[in-house]
Protein chains: 2
Amino acid sequence: MSGVGIKDIAARANVSIATVSYVLNGTRNVKLNTRERVLRVIQEMNYKPNNAAQSLKRKRTNTIGVIAEDVTVFNVPEIIDGIHDCAERMDMHILLTNLRLDKRVGRNLHQTEAYRQDVDNAVDELLSKQVEGIIYIGVHPRDLTGLCDTLGKPIVYTYSYTQNDVSIQYNDEQASYEAMSYLVQHGHSRIAIISGTMNSTPSRLRFNGYYKAVTDFELPFDPQYIKMGNWEAESGYRLTQELLALRQRPTAILAMNDVMAVGVLRAATDLGVRMPEELSVMGFDNREFSDYLMPRITTMSLPLHEMGFQAMEALSRLMQGETTEVSQMPLCRLIERDSVMRLIE
Amino acid sequence: MSGVGIKDIAARANVSIATVSYVLNGTRNVKLNTRERVLRVIQEMNYKPNNAAQSLKRKRTNTIGVIAEDVTVFNVPEIIDGIHDCAERMDMHILLTNLRLDKRVGRNLHQTEAYRQDVDNAVDELLSKQVEGIIYIGVHPRDLTGLCDTLGKPIVYTYSYTQNDVSIQYNDEQASYEAMSYLVQHGHSRIAIISGTMNSTPSRLRFNGYYKAVTDFELPFDPQYIKMGNWEAESGYRLTQELLALRQRPTAILAMNDVMAVGVLRAATDLGVRMPEELSVMGFDNREFSDYLMPRITTMSLPLHEMGFQAMEALSRLMQGETTEVSQMPLCRLIERDSVMRLIE
DNA sequence: CTGTTAGCGCCTTCAA
DNA sequence: TTGAAGGCGCTAACAG
C-alpha cells in the first residue's frame, strides 16, 4: 500500500516490531533512548500506520457512517457540520454516503420502495466497512420507521422521525408557538397562517403551536385565516391575495417557511400593500435569502448544527451500550429582522 | 466485529473457507449446487464481508478522501455532490473530512500557517486509512500550492488553484466576458463593474473578462465605472451610490457576486431609481436568494457539480497512473432573469 | 525494558 | 470442482 510498514522501521531501528508498536501506541514503557530512535526512523521513513490492519486487530475503526439523503438540500450541510463538530472531539471519522435522492427520486419520498434498495445498499456497504454506528439524515422531517436494517448496529436518525429508533428532531410546535408569542407581543391579534402541505409532520406540529397560541392568548379564531399552502412561493402568493381580499384583513401572516414568505411579499407588493407597515410576516427556516429581501424577514432558525451534534452524542452513547438518551429537543431560535411591525408601545 | 465471518459460513455450509471466498468474489467456478448452498447460508447468517480484512489483503480500499475546508460554505455541498455522482459510478467510497475552517480561522485564510497543522492531520489520517487519492475543496478560489503533502498519493484540488498539482477550476474570465456580452447584446454600453477584493484571483480574472469585453466591443472606458468592493452587500450599496452620483450614470452594473448585487438593489431602491428600467444589474454565483429578490437577479451560475465530477475523474486517472488530464475548464452558465433591461430591439 | 509469536478476516497460490 | 495453508500489517499476550 503505502509501502513502508512497521517491520521496515523495526529493521531500520534495530528493534522488534513489538517495540515499534509500543512506542506508536504508548502501550508500554520504552527506554527514552530507544523510543527516540524509533520515532526518528518513523519520521525519516514517513511511516503511517495502516489503519486497515489496526482495525482488523483492534476490532475498532473509529468510524461512523453518515447517510445523507441529499447533501445539496439546504439544511443538510449544517447538520453534517454539527456531526463533525462532535465527532472530531471524540476522534471519530465520518464515512459519508450521499443518496442523492433529490436527483434520483425527486420529491416522491412517499413511496419508500423507490429508494429502499439504495438505502439497503448504503447500509450494507457501511456495515462492511465496519462502521461503529450510523447517522441517517433525511431531507425533510417525516416518519422513517424501519427504513434501515443495521443488524443491531446503533443508528440514530435526525431530521426525521422514527418509532423504534432514536431520532433527533427540533421542537416544531414550540417554534411556531414562540413565533406567535412574538407576534402577539408586537400587538398583533388577527394573525393568519399559511401552512405547508398538510400531510407533513412539520405542518401539523406547527399548526398545533399556532392553535395553542390562539387559544392561550385568546386571539380571535377565524377559519378564513387558516390557509393550506404547499411550501412553494406561488402558494404564498395566491393565499396572501385571498387573505388581503378579506373584509377583515389579518395584520400578520405566519408562513410555515421562508419560501412562502417570499410569496407573501410579492403579493403585497403587487397589491400595493406596504410591508411591514400594513402587513407583517414571519417565516420559518432562516434561509439565507430571508436576510436579503426587503423587508428583511423575521424568521425561526432551525437548530441544525445542534441536531447534528446531538445525533452524534446520542450515537456515541448507543455505541457504549447506554440507552439513557433523554436529551432536550433542540429549540428553534427567533431571528428578529424587519418584517414585523410593532403595533403597540 | 460484526460477529459472523467467512469461516462461520464455511462451517455451516460444509465447505472450505476458500470456497466461500470464491463464490463471494466469483473468482472461480463453483458447482451450482455448492454455490447456492453457500449463498443461502450467507443470507441466513446476514454475513457481510469485513472490508478491513479485504483491504489488507487486496491492498485496495476503493476509498478516496475528500477534504472540505468547510462543508457549510455555499458552494461546497454541490461540489461534493458532483464528486459522489462520479465516484458512485466507479464504485468508490468517500471518506469526508470537514476542516471547519470557517469556524476555526474565519476569513483569515491568508495566513496558511493558521490551519496548515489541521490540513496535515487530515491528510495523515486519510493516508492512514489507505485512501487511494484525495480531493481538496477550498472555500474560495485561491492559490493552495504545496498545502498538502500526500507522499506521492494522487491529489486533485478544486475550487482553488495550484502550481504543481492538478486543480479543477471553472473559467472565471470567460464567465465575466459572457456576462458583458449579454449586457452589450441588450444594448448597454455604459457598464460599471463592482469587483471583489482585488487581492483575490476571481476578482482579477473577472476583471480581465470585463476589460477584454470593453476592448472587444469598443465600449466607452471610464475609470469611474470601476469600483472596488469587498464581496459584501454594504460595499455594493455604497459603490452604487457613488455610481449613481456620476453625471454620466452607467445603465448597467456588473457585480462580481450576488451579495453585492443586493447592495446595488438596495441603493437603487433608496435613491428611487427603478430597476431594471433605470438601472440593470448582473450578479455572480446564482445564489439561491438571487431568484427571490425583486427584480429577480440575472446571474452567472458556477459549474459546481461539474467541477466535483471532473475532479473525481481527474483523480481516477491519476490513480491509474495516467497524467493526460487536459479536460476543458468547466464553464459558468448565464441564468437569465429580470434584472437586465433590454435597451434596443 | 525488550523480543517472540499467535492471530484479526480474508484472498490466493499450490496441491489434490 | 474443492481444500490447505501462508500471509497482508498490526496488536497484545506471553516470555524473557
Side-chain angles (χ1 to χ4, degrees), chain A residues 1-39 41-42 45-63 124-132 151, chain B residues 1-39 41-42 45-63 124-132 151:
Chain A
M1 216 82 143
S2 74
V4 29
I6 203 176
K7 77 170 56 141
D8 298 301
I9 83 113
R12 218 71 118 120
N14 282 316
V15 292
S16 71
I17 61 168
T19 303
V20 177
S21 174
Y22 291 130
V23 338
L24 229 34
N25 301 297
T27 327
R28 192 154 81 176
N29 276 342
V30 174
K31 193 167 44 161
L32 185 61
N33 198 317
T34 319
R35 194 221 313 292
E36 283 180 339
R37 184 153 34 96
V38 172
L39 252 18
V41 174
I42 286 178
M45 304 188 75
N46 262 323
Y47 167 77
K48 312 265 185 257
N50 181 326
N51 191 276
Q54 290 181 318
S55 298
L56 194 57
K57 213 44 275 226
R58 300 210 250 241
K59 301 182 171 289
R60 286 220 49 195
T61 55
N62 290 311
T63 302
D124 278 1
E125 304 231 40
L126 256 17
L127 255 24
S128 191
K129 292 235 179 209
Q130 311 304 117
V131 297
E132 298 172 15
L151 307 178
Chain B
M1 217 85 143
S2 74
V4 28
I6 204 177
K7 75 168 59 142
D8 297 301
I9 83 113
R12 197 106 107 94
N14 281 317
V15 292
S16 72
I17 59 170
T19 304
V20 178
S21 175
Y22 291 132
V23 339
L24 230 35
N25 301 299
T27 326
R28 191 153 80 176
N29 278 343
V30 175
K31 195 169 37 160
L32 185 62
N33 197 315
T34 319
R35 195 222 310 293
E36 283 180 340
R37 186 155 32 96
V38 171
L39 251 17
V41 174
I42 285 178
M45 304 190 73
N46 262 324
Y47 168 77
K48 314 265 182 261
N50 181 327
N51 190 276
Q54 291 181 318
S55 300
L56 193 57
K57 259 282 45 164
R58 303 211 248 240
K59 300 181 174 288
R60 283 219 52 195
T61 54
N62 289 311
T63 302
D124 278 0
E125 305 231 38
L126 255 19
L127 255 24
S128 192
K129 293 236 178 209
Q130 311 303 119
V131 297
E132 297 173 16
L151 305 179

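Side-chain N/O atoms of A:Lys57 and base N/O atoms of C:dG7 include a donor-acceptor pair closer than 3.5 Å.
Nearest heavy-atom pair across A:Leu56 and B:Ala53 is CD1-CB, 3.7 Å. Here the shortest heavy-atom pairing between B:Thr34 and B:Val30 reads CB-CG1, 3.8 Å. Taking all atoms of both residues into account, the shortest heavy-atom contact from B:Pro49 to B:Gln54 is CB-NE2, 3.4 Å.
You'll find the side chain of A:Tyr47 reaches within 4.5 Å of the side chain of A:Ile6, heavy atoms only.
Residue A:Gln54 places none of its side-chain N or O atoms closer than 4.0 Å to OP1 or OP2 of D:dG9. Residue B:Lys59 has no polar side-chain atom (N or O) positioned under 4.0 Å from OP1 or OP2 of C:dC11. At the phosphate of D:dG3, OP1 or OP2 sits under 4.0 Å from a side-chain N or O atom of B:Thr19.
Taking the side chain of A:Ala53 as heavy atoms from C-beta on, and the options C:dC10, D:dA12, D:dG9, the nearest nucleotide is D:dG9. The side chain of B:Ala18 has D:dA5 as its nearest neighbour among D:dG9, D:dT1, D:dA5.
Distance check, rounded to the nearest 0.5 Å: OG of A:Ser55 to CG of A:Asn62 gives 7.5 Å. Between the CG atom in B:Asn50 and the CG atom in A:Leu127 there is a gap of 11.0 Å [rounded to 0.5 Å].
For residues 28-38 of chain A, no pair satisfies salt bridge (Lys or Arg N to Asp or Glu O under 4.0 Å), with sequence neighbours left out.
Rounded to whole angstrom, the span from the CZ atom of A:Arg58 across to the C1' atom of C:dG9 amounts to 17 Å. Going from atom CD of A:Gln130 over to atom C1' of C:dC10 covers 11 Å, rounded to whole Å. Regarding B:Ile17, its CD1 atom lies at a distance of 13 Å from the C1' atom of C:dC8, rounded to whole Å. As rounded to whole Å, 14 Å separates atom C1' of C:dC11 from atom NZ of B:Lys7. Taking atom CG of residue A:Leu56 and atom P of nucleotide C:dG7, one finds them 14 Å apart after rounding to whole Å. If you measure from atom CD1 of B:Ile9 to atom C1' of C:dC10, you get 12 Å, rounded to the nearest angstrom. Nucleotide C:dT12 holds its P atom 11 Å from the CD1 atom of B:Ile6, rounded to whole Å. Distance CG (B:Asn25) to P (C:dT13): 12 Å, rounded to an integer number of Å.
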Extract all donor-acceptor atom pairs below 3.5 Å that involve side chains of residues 9-24 of chain A and protein atoms in other chains or at least two apart in sequence.
from	atom 1	to	atom 2	distance (Å)
A:Ser16	OG	A:Ala18	N	3.4
A:Ser16	OG	A:Thr19	N	3.3
A:Ser16	OG	A:Thr19	OG1	3.2
A:Ser21	OG	A:Asn25	ND2	3.3

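The side chain to side chain contact (heavy atoms under 4.5 Å, CB included) search around A:Asn46 returns A:Lys48, B:Leu151, not counting sequence neighbours. Take A:Thr63 and apply the side chain to side chain donor-acceptor pair (under 3.5 Å) test, not counting sequence neighbours, and it matches B:Lys129. A search for side chain to side chain contact (heavy atoms under 4.5 Å, CB included) contacts involving B:Glu132 returns B:Arg60, B:Thr61, B:Met92, B:Met319, not counting sequence neighbours.
Using a 4.0 Å heavy-atom criterion, one finds that A:Val15 contacts the sugar-phosphate atoms exclusively. Looking at heavy-atom distances under 4.0 Å, B:Asn14 makes contact with sugar-phosphate atoms alone, never a base. Heavy atoms of A:Leu24 sit nowhere under 4.0 angstrom from any nucleic acid atom. Within the nucleic acid shown, B:Ser21 comes within 4.0 Å of at least one base atom, counting heavy atoms only.
A donor and an acceptor atom, one from each side chain of B:Ser128 and B:Asp124, are nowhere located under 3.5 Å apart.
Direction of the helix axis in the helix from C:dC1-D:dG16 to C:dA16-D:dT1 shifts by 40° between the two five-pair termini, rounded to 10°.
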Kindly give the atom pairs (protein nitrogen or oxygen, nucleotide nitrogen or oxygen) under 3.5 Å for nucleotides 14-16 of chain C.
from	atom 1	to	atom 2	distance (Å)
C:dC14	N4	B:Arg28	NH1	3.4

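Within residues 30-39 of chain A, the residues that place at least one heavy atom under 4.0 Å from DNA chain C are, in residue-number order, A:Val30, A:Lys31, A:Thr34.
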